[in-house]
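Numbers restart at 1 for each chain; the letters A, B, ... are given by sequence-line order, proteins then strands.
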2 protein chains.
Amino acid sequence: MAKKFTVTPWKVEGEVDYGRLIREFGTEPITDSLLARIRKHTGELHHFLRRKIFFSHREMGWLLDQYERGDKFYLYTGRGPSGNTHLGHLVPWLFTKWLQDKFDSELWFQMTDDEKFLFNDSLSLEESNSMAYENALDVIALGFKQGKTFIFADTDYSKTLYKHALKVSKRLTVSTAKAAFGFTDSNTVGQYFYTSMQSVPAFLPSALKGKNIPCLIPHAIDQDPHFRITRDIVPKLGYYKPAAIHSVFLPSLEGPKGKMSSSIGESAVYTTDTPELVEKKIRKYAFSGGRDTVVEHRKKGGNPEIDVSYQWLRFFEESDEKLKAVHGDYKSGRLLTGELKQILIDKLTVFLKRHQEAREKARKVLDRFVIMD
Amino acid sequence: MAKKFTVTPWKVEGEVDYGRLIREFGTEPITDSLLARIRKHTGELHHFLRRKIFFSHREMGWLLDQYERGDKFYLYTGRGPSGNTHLGHLVPWLFTKWLQDKFDSELWFQMTDDEKFLFNDSLSLEESNSMAYENALDVIALGFKQGKTFIFADTDYSKTLYKHALKVSKRLTVSTAKAAFGFTDSNTVGQYFYTSMQSVPAFLPSALKGKNIPCLIPHAIDQDPHFRITRDIVPKLGYYKPAAIHSVFLPSLEGPKGKMSSSIGESAVYTTDTPELVEKKIRKYAFSGGRDTVVEHRKKGGNPEIDVSYQWLRFFEESDEKLKAVHGDYKSGRLLTGELKQILIDKLTVFLKRHQEAREKARKVLDRFVIMD
């Protein structure tokens, strides 16, 4: 029997079956031939592609057709600024950075302070707005190109966004939103309206420049219901449907199949965590695929498929060779869970040290990346 | 049997029974003692009050309590800019002008270009936005005080409005909006959200100035469903409930009981109509309370209660004495319908000549009245 799980933009629960999501959402799997076609332009494949961490898409073929005809695309992704950035949030951004480098694309980055306010009873708009600029430091720290990267918080860019959102909202009935999101009459009019705002960056550069520019949205698969609506509506406004490429979720420390969530503090590692805290969280909470005793582990080996430390290395260890060695060593029992955790801790310590330094430097250049009305 | 009629912000149909509206909407009738209390502050009563053209209210008593304690109120009214201004639109504005003069109040005037776009399939946002500034000329032409009158189109002031609208929209469920407006799941998310924008000026000056300022909204009774929602929600945001005072509709030329509508061109007189066109419309279309023949009219007299020319004089002839004379003369048969029409034509010609001159002058000072982000 198929296990029950839920994936909406606001809730991910249960053990996610990504193959089933592709069928249920009606997206396309990323095939080897698509990868080969991407590699033709990029020279190499990001490890997120090699490992199918980006596993699904909508109309990448069309996007590459356009690109090959000389019609360059821009990138659009975003963040709901309800709290500090954790490693799971970085996954689409790291990939987006790679895409910007390889395709020399503009990036439009939306901070949905309105959304987080509307969907979180205890969050004030002032809090989510201020968090937008804290989170923007994490975006900039990844090395996006100044002059080609435009970060905006919805409420501070709403003179521009609202009038375009109106055009989407005029085409979207409550009944369609109910079907896409599972909303009821108890949801608020703000929640219903919000998806119109999330649609705007999928055509805003075209609207501002007065010509149709292809758009690629790299994002975690849970946001797909928004962009299904976007894709239905924007052609009626005279713009291209955006293409999209979808990632799986970085699993929670506490289990290999769900999504890291800020609502359980121990399940997440934040970009601002100290090395000591990162070590403590991984040692204490990272779900282990090891055996009950060292003797048994040495004899029977561990299970990397359910071991969160190994799963996280799939995201953060770029070398296939090193990853393969860890996989083999853990499976054979040569590598103990504690040792595997240490490999992850070392990797993240280096990553976060560099990130935190870049994040502090980002404060000085924040205003060169932010656009507002 | 009670006759059927409909009054919503977007549709007025049938013969409106204003007494029943007071009961169904749950507003209060304007009593003689309330009028006496207003007169205490204004010295005189506007003919719209003397004639119960403003007939209903919400919490005028509270507003005057505040005023008498030294807590001055501001005025808020507005316009949905879907086309040219007609005389019916002027009714609440003329009264608002009188209130501004008598109480030395600020006026916040909302041009809901977003609303008209969302509720009119064939209107573009660019059209309704441009119409907002055409309509603003009519507002300014009435003589509102520069420096105390702030006119804004929603889309051009949305950086300010949107974030406050979000706070309303977070408190308003689809189910409440359905009950207030008769919406269904086929209405758009834009239409559901819109009432949040209309709520904002009822507390915006308080929000901007950081202190609670009483608000009075003079408006035609059809807008009451919006402000019922506003009044439910804004106390939860920490602001005063706005008070309101409600007018009847200026009847259509073609019948005495409904509302003038731009959707039937002949039923309305526009502020930009030439004297010849005004004369032609009134001669040709103004519904008559007269008899079939002059002989019969002289003998039995006409019926001013159903005669649109007489009804319009109730709005535009300020002198009670003159109006009473017309009423008596028409009822007795001394005054023929053609003569009554001529009295109205003369009155409107003078009014519109002055208005059109002031309207052209308003173009030069428009930017001193308009606020935008």
Side-chain angles (χ1 to χ4, degrees), chain A residues 112-126 128-129 152-181 183-199 207 229 233 237 372-373, chain B residues 112-126 128-129 152-181 183-199 207 229 233 237 372-373:
Chain A
T112 62
D113 56 348
D114 48 356
E115 176 196 18
K116 288 296 152 176
F117 168 68
L118 290 168
F119 285 88
N120 187 330
D121 282 346
S122 60
L123 194 70
S124 76
L125 190 53
E126 293 68 24
S128 66
N129 180 258
F152 49 94
D154 282 350
T155 62
D156 292 325
Y157 198 43
S158 54
K159 186 175 178 183
T160 299
L161 298 175
Y162 178 66
K163 61 174 183 274
H164 293 289
L166 284 172
K167 295 178 188 188
V168 178
S169 78
K170 189 177 181 174
R171 305 273 187 169
L172 175 59
T173 63
V174 155
S175 136
T176 299
K178 282 184 173 176
F181 301 117
F183 287 165
T184 68
D185 282 2
S186 301
N187 283 89
T188 67
V189 301
Q191 292 172 334
Y192 274 92
F193 181 78
Y194 164 71
T195 194
S196 312
M197 291 291 279
Q198 186 156 328
S199 292
I229 285 175
I233 292 176
L237 304 179
M372 49 174 70
D373 294 305
Chain B
T112 61
D113 55 349
D114 48 356
E115 176 196 19
K116 288 296 152 175
F117 168 67
L118 290 168
F119 285 89
N120 186 331
D121 282 346
S122 60
L123 195 69
S124 76
L125 190 53
E126 293 68 23
S128 67
N129 180 257
F152 49 94
D154 282 351
T155 62
D156 292 325
Y157 198 43
S158 55
K159 187 174 178 184
T160 299
L161 298 175
Y162 177 66
K163 61 174 184 275
H164 293 288
L166 284 171
K167 295 178 188 187
V168 177
S169 77
K170 188 177 181 173
R171 304 272 187 170
L172 175 59
T173 64
V174 155
S175 134
T176 299
K178 281 184 174 177
F181 301 116
F183 288 165
T184 68
D185 283 2
S186 301
N187 283 89
T188 66
V189 301
Q191 291 172 334
Y192 274 92
F193 181 77
Y194 165 71
T195 194
S196 311
M197 291 291 279
Q198 185 156 329
S199 291
I229 285 175
I233 293 176
L237 305 179
M372 49 173 71
D373 294 305

Under 4.5 Å heavy-atom distance to chain A, tell me which part of Leu125(B) shows up: side chain, backbone, both or neither. side chain
Checking Leu172(A) against chain B: side chain, backbone, both or neither under 4.5 Å from a heavy atom? both
How long is the span from the CG atom in Leu166(A) to the OH atom in Tyr194(B), to the nearest 0.5 Å? 11.0 Å
Tell me, out of Asp156(B), Asp113(B), Asn129(B), who's got the most heavy-atom pairs with chain A below 4.5 Å. Asp156(B)
Shortest non-hydrogen contact from Asp185(A) to Lys178(B)? OD2-NZ, 2.9 Å
Under 4.5 Å from any heavy atom of chain A, what part of Asp114(B) do you find: side chain, backbone, both or neither? both
Which bit of Lys167(A) is near chain B, if near means a heavy-atom gap under 4.5 Å: side chain, backbone, both or neither? both
For Thr188(B) and Ser169(A) the tightest heavy-atom approach is CB-O, 3.1 Å
For Ser186(B), is there any backbone N or O sitting under 3.5 Å from a side-chain donor or acceptor partner on Ser175(A)? no
Is a donor on one side and an acceptor on the other found under 3.5 Å between the side chain of Lys163(A) and the backbone of Glu126(B)? no
Could you look at Thr155(B) and say if it's the side chain, the backbone, both or neither that has a heavy atom under 4.5 Å from chain A? both
From OH (Tyr162(A)) to OH (Tyr162(B)), nearest 0.5 Å: 9.0 Å
Nearest 0.5 Å, please: how far is CE in Met372(A) from CG in Asp373(B)? 12.5 Å
Between Val189(B) and Val189(A), does a side chain to side chain contact (heavy atoms under 4.5 Å, CB included) hold up when you go through it step by step? CA-CA 7 Å; Val189(B) 301; Val189(A) 301; over 6 Å; no
Under a 4.5 Å cutoff for heavy-atom pairs, which residue among Met197(B), Arg171(B), Gln191(B) has the most contacts with chain A? Met197(B)
Tell me, side chain or backbone of Glu115(A) under 4.5 Å from chain B's heavy atoms, or both, or neither? neither
Heaviest contributor of heavy-atom pairs below 4.5 Å to chain B, chosen from Tyr192(A), Tyr157(A), Phe183(A), Phe117(A), is Phe117(A)
